[in-house]
Amino acid sequence: MPKTKRENQITKYNPQEIEPKWQKKWEENKIYHPDLDKANRPFYNLMMFPYPSAEGMHVGNMYAFTGSDIYGRFKRMQGFDVFEPIGLDGFGIHSENYALKVGRHPKEQAKISEENFYRQLHAIGNGFDWSAKLETYDPQYYKWTQWIFIQLFKKGLAYRRKASVNFCPSDKTVLADEQVIAGKCERCGSEVVKKDLEQWFFKITDYAERLLNNIESLDWTEKVKIAQRQWIGRSEGAIVKFKIQNSKSQIEIFTTRPDTLFGATFMVLAPENPISKEIAKKNKKVEEYIQKSQTRTEQERIAEGKDKTGIDTGLFAINPVNNKEIPVWVADYVVMGYGTGAIMAVPAHDKRDFEFAKKYKLPIKTVILSKSEGSEDSSAKPQNDNPKEAYVGESKIVNSGEWNGLAVPKEIGKVIDWLERKKIGKRQVHYHLRDWLISRQRYWGPPIPMICCEKCDWQPIAEKDLPVLLPDVKDWKPKGGGESPLASIESFVKTKCPSCGGSAKRETDVSDTFLDSAWYFFRYTSTDDKTCVWRPERVKKWLPVSMYIGGAEHSVLHLLYSRFITMVFKDLGLIFFEEPYAKFRAHGLLIREGAKMSKSRGNVVVPDEYIKKFGADTLRLYLMFLGPFTQGGDFYDMGIEGMHRFVKRIWNLFTRISNSKFPISNESQRVMHKTIKKVTEDIQNLRYNTAIASLMEYYNFLSKQKSVSKEEIKTILLLLAPFAPHITEELYQRFKNKSNKSIHTHSWPDYDLRYLEEKEVTIAIQVNGKLRDTLSISFEKIEDQQIVEKIAKKSQKIKKYLTNRKIKKVVYVKGRVINFVVI
RNA sequence: GGGCAAGUGGCGGAAUGGUAUACGCGGUAGUCUCAAAAACUACUAGCCGCAAGGCUGUGUGGGUUCGAUUCCCUCCUUGCCCACCA
């Protein structure tokens with residue numbers, strides 16, 4: 001009796017027992033800890049580190065981590081020294097807002113979240129190198145974030161400027177342009193307002209050209225490359241100066257369509273434009289308009305859409321190409337942030353200008369033939385200055401003096417040459433990218449390591465005095481009014497100038513979270529060394545990151561910032577490359593019941609319960625089986641049962657059978673090699689779903705065999721190991737003879753093409769492209785069309801279609817299909 | 001308004017010019033059982049048919065091709081990203 005009981009214990013699949021057991025052993029044996037100094041074939045396999053929301057990791061995070069881990073495990077088995085570190089992006093508004101919500105101090109909350117996250121991250125069975133972990137809120141980490149700020153400042157890349165900036169009234173802080181989505185705060189969704197504040201910026205615009213040009217050479221998801229190009233937004237055009245009548249001042253405008261200069265019938269200034277403000281001093285109506293537009297949120301401006309507003313300044317500018325007087329208006333459809341904050345309005349050929357001209361009854365002048373007219377002789381001058389809509393297509397220039405007849409946009413270059421010759425305008429390239437607003441009026445971030453001295457202006461903290469510790473205070477909640485909570489802590493603010501020793505004030509803003517995450521992958525290599533930002537020889541060995549996986553939502557923010565920071569490191573002479581990620585793939589989004597998982601919908605799935613019920617291996621396989629990893633999938637509860645069945649079948653088959661001594665058959669050999677090939681290629685391409693499908697097919701094949709050889713068992717376990725690390729390790733150790741080696745450090749199986757040839761090949765027979773029969777034919781015969789044709793014609797089914805018909809053509813695709821074209 | 005994806009059984013998906021629906025879920029029937037669950041076996045795109053077999057079928061309409069889910073054009077729908085960017 002006791003024997004039976006014991007037998008049951010042995011044969012029952014119990015992930016609760018084997019998973020923690022192996023996780024512990026792997027950690028003890030350090031199988032995922034490469035020697036960072038001596039590794040021969042370094043492979044840096046990185047997943048974007050998570051920000052620990054305190055509810056814990058949801059299954060979407062696990063989806064991404066598992067996908068990244070499978071790739072890492074695959075590379076490890078291929079003989080690479082894989083470095084797969086993990087950490088937490090725990091500083092920043094998102095974590096602080098959660099602390100606000102639960103009414104706990106962010107520091108205290110961070111500890112709780114950290115513990116919870118690390119517990120979950122252990123449970124999913126990834127091959128993390130836990131000895132290299134980091135947290136961005138650790139003073140040992142943010143010390144170097146501050147150090148980096150200082151390096152940028154010294155290089156002239158960090159500067160202060162008073163500017164009209166995005167301000168979130170709910171989060172009570174300024175935001176970077178990238179963090180404003182359609183006029184709303186990226187974090188809380190509140191409508192963003194404009195505020196004039198003095199802020200710290202990073203000069204990312206100096207790198208616009210490099211950031212753009214390098215994109216081409218990157219092995220990245222194409223979608224993300226497009227998003228970056230679009231965000232950097234290069235446009236070619238010209239700067240043109242317009243004199244203001246009876247005044248010394250002039251208005252500079254940027255246009256991509258200098259060819260329409262003769263069609264400029266008025267000018268528009270942004271309300272924030274200094275010239276507008278100058279005008280407002282003397283013109284009450286303009287002043288009122290500017291005031292009104294500043295209190296409106298971006299959202300309101302956008303929502304109004306077509307209904308543009310503006311005010312006539314009463315001033316006139318001189319169009320430099322024809323010396324015509326044109327009125328100057330102020331309107332908020334022109335924004336200060338792009339170009340020069342002023343435009344020449346060409347209503348005939350710009351949709352927005354057209355709408356504005358219609359509303360305020362401003363003149364419209366056609367200078368580009370519309371398409372139908374353009375096909376006629378260009379000397380014919382259509383005088384349609386009352387068009388129904390703006391024409392923006394390509395055509396020829398008219399009504400523009402010497403320029404008449406030039407094709408646009410092809411010959412815009414000639415127009416610019418003309419402008420340059422006449423010293424009216426200048427060729428110029430503009431970027432949509434703007435400088436990175438780095439300061440935040442919040443508590444939970446690295447204090448910006450700067451001191452303001454009355455005599456010496458802004459001075460960086462001496463490097464030996466780093467880190468500037470974030471003071472432990474009770475009153476940490478955001479204040480609003482453009483100041484961080486740190487500003488009210490006198491002991492923090494009051495300090496001495498590092499330059500002259502006189503009394504000075506500390507900067508009280510903290511830096512943006514995206515600075516924390518812009519360089520963390522450098523730090524991972526050297527977390528054991530507190531004396532330097534990183535060890536140069538290690539960074540040289542491991543970076544750039546070999547494979548970076550993360551969410552497409554970081555297409556512009558994180559990925560652009562970290563590219564910029566890496567370029568700065570290169571320019572500082574710290575490293576010898578300038579692109580941080582050699583290869584980047586965006587994973588898909590895991591949805592549930594057709595909708596994005598979100599707290600408000602209440603459809604967030606937490607992995608814990610599933611790991612408890614089915615084990616991490618089942619959940620990993622299930623998540624990866626939902627669909628292509630780069631496309632995401634729909635999580636539904638029913639499906640996981642099916643995957644659990646598969647895992648149990650694997651367990652049952654291999655715990656019951658003993659290794660057969662029978663030699664492996666040719667057919668078995670063929671199926672095995674076919675599977676190795678398929679799984680290898682699929683993992684390489686992140687096609688985990690089809691890799692798993694072919695493993696299932698292989699299982700189905702093996703389970704129908706009378707006996708299974710040792711080689712076959714080993715092969716399927718090896719192929720399955722990256723997906724289901726625990727069960728494969730357990731079964732592998734049961735079968736193995738002596739060595740103590742983990743399955744995860746075993747080499748990946750090779751396939752041999754010689755085994756892939758089939759004896760019998762099935763060929764489809766078509767008549768006029770329609771399938772009528774299939775034909776099994778021996779491998780040797782498929783080369784010869786004559787033989788195949790002859791055999792095909794013998795088929796009864798085919799005869800029926802060929803009698804009384806004339807064969808016009810026979811198409812044969814070797815080993816695939818033969819098609820009779822008949823009439 | 002601009003850009004990028006995608007549309008295939010009841011469902012998730014497979015097939016990137018050559019046998020459409022692999023693999024899995026769900027469903028139906030059966031085996032085992034006192035019974036149920038589990039497990040296992042078989043079937044499972046639709047229509048006609050007892051069957052053999054035939055017809056239809058990858059959002060819509062066209063095109064290229066001996067052959068199109070795949071390539072090209074039109075339209076429709078959905079998702080994602082960006083957006084008064086001059």
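This one's a predicted model, so the numbers in the text were calculated from it and none came from an experiment. Here is how names work: the chains are called A, B, and so on, in the same order as the sequence lines, proteins then strands, and each is numbered from 1.
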### Task
Provide the distance between the two C1' atoms, one in G54(B) and one in A22(B), to the nearest whole Å.
26 Å

### Query
Rounding to the closest angstrom, what is the interatomic distance between C76(B) and U60(B) at atom P?
15 Å

### Query
Can you tell me how far P in A86(B) sits from the matching atom in A14(B), rounded to whole Å?
38 Å

### Query
When you check the phosphate oxygens OP1 and OP2 of C4(B), does a side-chain N or O of K223(A) lie under 4.0 Å from one of them?
no

### Pairwise C1' distance, U41(B) and U8(B) [rounded to whole Å]
29 Å

### Message
Looking at K351(A) and C84(B), is any side-chain donor or acceptor paired with a base atom of the opposite kind under 3.5 Å?
### Response
no

### Task
For Q684(A), enumerate each residue passing the side chain to side chain donor-acceptor pair (under 3.5 Å) test, keeping only those at least two apart in sequence or located in another chain.
Y71(A)

### Summary
Whole-Å distance, D259(A) CG to A86(B) P, equals 13 Å

## Note on the structure
Applying the 3.5 Å cut-off to both distances, the Watson-Crick or G-U partner of A68(B) turns out to be none

### Query
Taking C-beta and beyond as the side chain, do Y622(A) and H644(A) meet within less than 4.5 Å on heavy atoms?
no

Pairs under 3.5 angstrom, nitrogen or oxygen only, protein versus nucleotides 48-54 of chain B, please.
residue, atom, partner, partner atom, Å
G54(B), OP1, Y801(A), OH, 3.2

### Spacing of the C1' atoms in A39(B) and C32(B) (rounded, Å)
9 Å

### Task
Begin with the C-alpha distance, continue with both residues' side-chain angles, and end with the deciding distance and a verdict on side-chain hydrogen bond (donor to acceptor under 3.5 Å, both in side chains) for Y801(A) and R772(A).
CA-CA 9 Å; Y801(A) 290 98; R772(A) 295 303 177 189; 3.1 Å; yes

### Query
For atom P, what is the distance between C25(B) and U16(B), given to the nearest Å?
24 Å

### Task
Starting from C1' on G1(B), measure out to CD on E355(A) and report it in whole angstrom.
10 Å

### Query
Over how many whole Å does the gap from F820(A) atom CZ to C66(B) atom C1' extend?
12 Å

#### Entry: Spacing of L212(A) atom CG relative to C85(B) atom P, expressed in whole Å
20 Å

### Any I683(A) side-chain heavy atom under 4.5 Å of L719(A) side chain
no

#### Entry: Whole-Å gap separating P (A86(B)) and CD1 (I239(A))
13 Å

### Listed partners of R257(A) passing side-chain contact (heavy atoms from CB on, under 4.5 Å), at least two apart
T255(A), D259(A), T260(A), I368(A), V408(A), I412(A)

### Message
Give me syn or anti for G9(B), where syn covers glycosidic angles within 90 degrees of 0.
### Response
syn

### K358(A) NZ - C84(B) P separation (whole Å)
25 Å

### Query
Using purine N1 to pyrimidine N3 plus N6-O4 or O6-N4 for Watson-Crick, or N1-O2 and O6-N3 for G-U wobble, both under 3.5 Å, which nucleotide pairs with C23(B)?
G12(B)

### Query
Rounding to the closest angstrom, what is the interatomic distance between C71(B) and A5(B) at atom P?
11 Å

Listing, residues 810-823 of chain A side-chain donor-acceptor contacts under 3.5 Å, not counting sequence neighbours, or none:
residue, atom, partner, partner atom, Å
Y812(A), OH, I782(A), O, 2.7
Y812(A), OH, G815(A), N, 3.2
K814(A), NZ, E783(A), OE2, 3.1
N819(A), OD1, N768(A), N, 3.4
N819(A), OD1, G769(A), N, 3.0

Do any N or O atoms of the protein come closer than 3.5 Å to N or O atoms of nucleotides 13-24 of chain B, and which pairs are they?
residue, atom, partner, partner atom, Å
A14(B), OP1, R687(A), NH2, 3.3
A14(B), OP1, N689(A), ND2, 3.0
A15(B), OP2, R687(A), NH2, 3.0
G18(B), N2, Q766(A), OE1, 3.4
A22(B), O2', E697(A), OE2, 3.4
G24(B), OP1, N700(A), ND2, 3.3
G24(B), N2, Y636(A), OH, 3.3

### Query
What does A39(B) pair with, Watson-Crick or G-U, if both distances are under 3.5 Å?
U31(B)

### d(CD, E641(A); C1', A37(B)) in whole Å
12 Å

## Note on the structure
Applying the 3.5 Å cut-off to both distances, the Watson-Crick or G-U partner of C84(B) turns out to be none

### Query
What interatomic distance, in whole Å, is found between P of U56(B) and the corresponding atom of A68(B)?
13 Å

### Task
Quick one: look up who C4(B) pairs with, Watson-Crick or G-U, both distances under 3.5 Å, and put none if it's unpaired.
G79(B)

### Any donor-acceptor N/O pair under 3.5 Å between C85(B) base and R434(A) side chain
yes

### Query
CZ of F635(A) versus C1' of G12(B): gap in Å, rounded?
13 Å

### Message
Once side chain to side chain donor-acceptor pair (under 3.5 Å) is applied, do any residues pair with T762(A), and if so which ones, sequence neighbours excluded?
### Response
none

## Note on the structure
Residues at least two apart in sequence or cross-chain that pass side-chain contact (heavy atoms from CB on, under 4.5 Å) with S555(A), listed by chain then number, are V224(A), A227(A), A552(A)

### Message
Between F514(A) and W436(A), is the ring pair (Phe, Tyr, Trp, His ring centres under 6.0 Å) condition met? List the steps.
### Response
CA-CA 10 Å; F514(A) 280 102; W436(A) 177 9; 7.6 Å; no

### Message
Applying salt bridge (Lys or Arg N to Asp or Glu O under 4.0 Å), can you list everything that pairs with D312(A), at least two apart in sequence or on another chain?
### Response
none

## Note on the structure
With sequence neighbours left out, the residues meeting side chain to side chain donor-acceptor pair (under 3.5 Å) with S795(A) are D773(A)

